[in-house]
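To start, the structure itself, in structure tokens.
Letters A, B, ... are given to chains in the order of the sequence lines, protein chains preceding strands, and every chain is numbered from 1.
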Number of protein chains: 2
Amino acid sequence: MSTALPPPHRGPVMSDVAARAGVSHQTVSRVLNGHPHVSATTRTRVLAAIAELGYRRNLSARVLATGRSNVIGVVAQNTTLYGPSSMVQAIGEAALGADLSLTVGHVAGYDATAASRRIVERLVQQGAAGLVFIAPVDAAAEAMRLVPDGVPIVTVDGLPEWQVANVSVDQYTGGMMATRHLLAAGHRTVWHVAGPEQWHGSRAREDGWRAALAEVGAMAPPMARAGWSAASGYQVGRMLARIPDCTAIFAANDHVALGIMRALAEQGRRIPDDVSIIGFDDVPEAGYFHPALTTIRQEFGDVGRQALRLLLDQLATGVKSAESALVEPVLVPRDTVGTPVPVAILEGNKT
Amino acid sequence: MSTALPPPHRGPVMSDVAARAGVSHQTVSRVLNGHPHVSATTRTRVLAAIAELGYRRNLSARVLATGRSNVIGVVAQNTTLYGPSSMVQAIGEAALGADLSLTVGHVAGYDATAASRRIVERLVQQGAAGLVFIAPVDAAAEAMRLVPDGVPIVTVDGLPEWQVANVSVDQYTGGMMATRHLLAAGHRTVWHVAGPEQWHGSRAREDGWRAALAEVGAMAPPMARAGWSAASGYQVGRMLARIPDCTAIFAANDHVALGIMRALAEQGRRIPDDVSIIGFDDVPEAGYFHPALTTIRQEFGDVGRQALRLLLDQLATGVKSAESALVEPVLVPRDTVGTPVPVAILEGNKT
DNA sequence: GACAGCCATGTTTGCGTTCACATTCTGGCC
DNA sequence: GGCCAGAATGTGAACGCAAACATGGCTGTC
């Protein structure tokens, strides 16, 4: 049970305003909702009464009466990560333009499934007009089933088989771009340190990586896996640094790349002379890593706008769609990718 | 105006459940609210009916009827920054334990004041039981005035003069710790690159820095200012790198430190041999910078818990308090602080 | 000058829940 | 066996708002 809450606070209500302005409560409502057929004098009188009383209308009552609300819910988790938090921010900015309010339910704590369930439950109960699921992992999706039919859904980084409107960054292409870029620099093959298995993006990037290797007939080296953190990148990097063949690495994201770079440096392998590396995300500080990190940028702003568009479409037409949008990533070349030096020359230079 | 929304969606209501279970709607309510004096058989019958119908209770109606809600609002901005986003996360986790739901209003877009006003407005209208303002800048606070008297408030990183319950990281002490640490390593004085002027934390850290210098009678060098980004740190760093006297730098935060480090490196100044530097925040990847960054960690988890405690206290007692809590930062020594090499020795080594 | 038609406003009802009170039923005790 | 406490349930109203419908007054037109 919840901690017993104290007696409620109730402010002035519509009829108080009405009394003060000498009109009926309905007229107040009309003024508030911008209905036509209210005389200018009445309107100003009502507005004045509202101001004097400090009246604010009760959203709950409004939602109860109309059955609609103009708030859309966002279900998000891992919001301390750069990707998800940027996404939320972007959706928020897009919503601002559509006169929609955003309620963000942050999935916190250990049990993601239970937590997201609770959040969806609450969002629905609050009468959210639509829901955006930031669902880069399956756990988030499970809660989608709790959403009643009438409420439109858009997922971000969801899976096509969910049959729900979705917008994703084209991680597959991103993976290809990264790999091709490394290949184009002259590397025989590219090693990949993937992100957590459960993340859809990880899988798509891996697929892109494999596809790009296959294009040129390169053999895929064994794939390593990291979390999204620098720490996990460092762990993997310590192994990679001891593999002489490993001259080109495509990292799960920028922070993982950072960890790997550190491990490489500790092992005395120079970047990009000995090893080239490319990240993913383009976090704001990536350009200031040492050396500046070449990476694949995700345009989260676009993602947010598209997600909102998809949601508004459904809201307007009233039918659930399964339309999906892809946002293309872009390569940001910086200083961590170089042409591999043939071993012979390297040897010659050494002494 | 909002885009015209389609007809509402209405699910089964309490009386539907009641009819199905063969009881009155009030009994259903009792079951839902865990009231005593409901027989076991009735309870199971009601529960069954609820499950069969897929009934979910309408939060708006509930809030309307009771005048209270168990959701607390969080007003946040700059949520892509590490600090604020960690804060939100921490509060969310703390709320989970108190059976409270969180609604986060993300202040997005250019006009922070207008945006936060809208958010507060909505949160209040939704009947939030209490509000947490993440208010590291004054803009956020301005909207606090819109909150009606009955609704308790807690600020995070707010100012004492606001007369509101507040929890902050002790930035002043943090600034002192950083400066002392550098001083203890043997530096004559410490340069400071401060964060944006409007942020309260920036000012407190600056004060701490000055105080620590004063303690040992060191002269305060001119203070530089950066944003919170690596890019801005880099800009400032390019100047600092050309100042031979500058051997110890206390940076606004870790990302600024990163930017400075890069500028230093480009200028050929070695860290920590030539210049020592210390950051603030301890972002997860700070230990993987090159070299690993010595920094001051802020315990955001503690902040979140304290904020919630303060809020719950007010909720329970029903009186607004102005109690405030301070969370102590902790020094995380790593590899960017060293003992300055006397110029003579330096010269001797050079050739 | 009568009537249509529109404008400005008021009245009533219902949204789904909880609360306060009323009612019925059960069992125990003298 | 009568009575009473209290458990189990029901009834009606209220929460604050918006929608639907109702009303009265004004303009304009033939």
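- When all heavy atoms are compared, the tightest approach of A:Ala139 to A:Ser116 is O-OG, 4.0 Å.
- In this model, a donor atom of one side chain and an acceptor atom of the other lie less than 3.5 Å apart for A:His200 and A:Asp138.
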Ignoring hydrogens and angles, write down the donor-acceptor pairs under 3.5 Å from the side chains of residues 56-65 of chain A, residues two or more places apart or on other chains.
unit_1, atom_1, unit_2, atom_2, d
A:Arg56, NE, B:Glu121, OE2, 3.3
A:Arg56, NH1, B:Leu146, O, 2.8
A:Arg56, NH2, B:Glu121, OE1, 3.3
A:Arg56, NH2, B:Glu121, OE2, 3.0
A:Arg56, NH2, B:Leu146, O, 3.1
A:Arg57, NH1, A:Asn33, OD1, 3.0
A:Asn58, OD1, A:Ser60, N, 2.8
A:Asn58, OD1, A:Ala61, N, 3.0
A:Arg62, NH1, A:Asn33, OD1, 3.0

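- Comparing B:Ala61 and B:His25 by the nucleotide of DNA chain D that holds the closest heavy atom to each, the one mapping nearer the 5' end is B:His25.
- The shortest distance between side-chain heavy atoms of B:Pro152 and B:Leu131 does not fall below 4.5 Å.
- In the helix from C:dG1-D:dC30 to C:dC30-D:dG1, the end axes, each obtained as the rotation axis mapping the C1' atoms of four pairs onto the next four within a five-pair block, lie 50° apart to the nearest 10 degrees.
- Proximity note for A:Arg30 (side chain, C-beta onward) versus C:dG16, C:dT18, C:dG10: the nearest is C:dG10.
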_From CA spacing to verdict: side chain to side chain contact (heavy atoms under 4.5 Å, CB included), A:Val154, A:Phe133_ = CA-CA 6 Å; A:Val154 172; A:Phe133 281 81; over 6 Å; no

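- Among the protein residues, A:Val63 comes within range of no part of the nucleic acid, since none of its heavy atoms lies under 4.0 Å from any strand.
- When distances run from any side-chain atom of A:Ala65 to the nucleotides C:dT17, C:dG14, C:dG16, the shortest one goes to C:dG14.
- At distances below 3.5 Å, not a single donor-acceptor pair connects side-chain atoms of B:Asn166 with backbone N or O atoms of B:Ser324.
- In terms of the side-chain contact (heavy atoms from CB on, under 4.5 Å) criterion, A:Thr44 has no residue partners (sequence neighbours excluded).
- Contact footprint of chain B on DNA chain D: nucleotides with an atom under 4.0 Å from a non-hydrogen protein atom, first to last in 5' to 3' order, D:dA7 to D:dG16.
- By the 4.0 Å N-to-carboxylate-O rule, B:Glu93 lies too far from B:Arg305 to be salt-bridged with it.
- With A:Gln314 contributing its side chain and A:Ile153 its backbone, the two residues share a donor-acceptor pair below 3.5 Å.
- Proximity of residues 35-49 of chain A to DNA chain C (heavy atom under 4.0 angstrom from any strand atom) is restricted to A:His37, A:Val38, A:Ser39, A:Thr42.
- To the nearest angstrom, C1' of C:dT9 lies 9 Å from CD of A:Gln26.
- A:Thr27 comes within 4.0 angstrom of sugar-phosphate atoms only, judged by non-hydrogen atoms across all strands, and of no base.
- Screening A:Val88, A:Thr79, A:Val75 for a side chain to side chain contact (heavy atoms under 4.5 Å, CB included) involving A:Ile134 leaves a single residue, A:Val88.
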*Evaluate the criterion side chain to side chain contact (heavy atoms under 4.5 Å, CB included) for residue pair A:Leu123 and A:Thr103; output intermediate values, then yes/no.*
CA-CA 8 Å; A:Leu123 256 21; A:Thr103 289; 3.7 Å; yes

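- Between the B:Ser39 side chain and the B:Thr42 main chain, a donor and an acceptor come within less than 3.5 Å of each other.
- In this structure, B:Arg62 reaches the C:dT18 phosphate: one of its side-chain N or O atoms is under 4.0 Å from OP1 or OP2.
- Near-neighbour residues of DNA chain C inside residues 12-22 of chain A, defined by a heavy atom below 4.0 Å, are absent.
- The minimum heavy-atom distance linking A:Arg309 with A:Ala325 is given by the pair NH2-CB, 4.4 Å.
- C:dG16 atom P lies 16 Å from atom CG of A:Asn58, rounded to whole Å.
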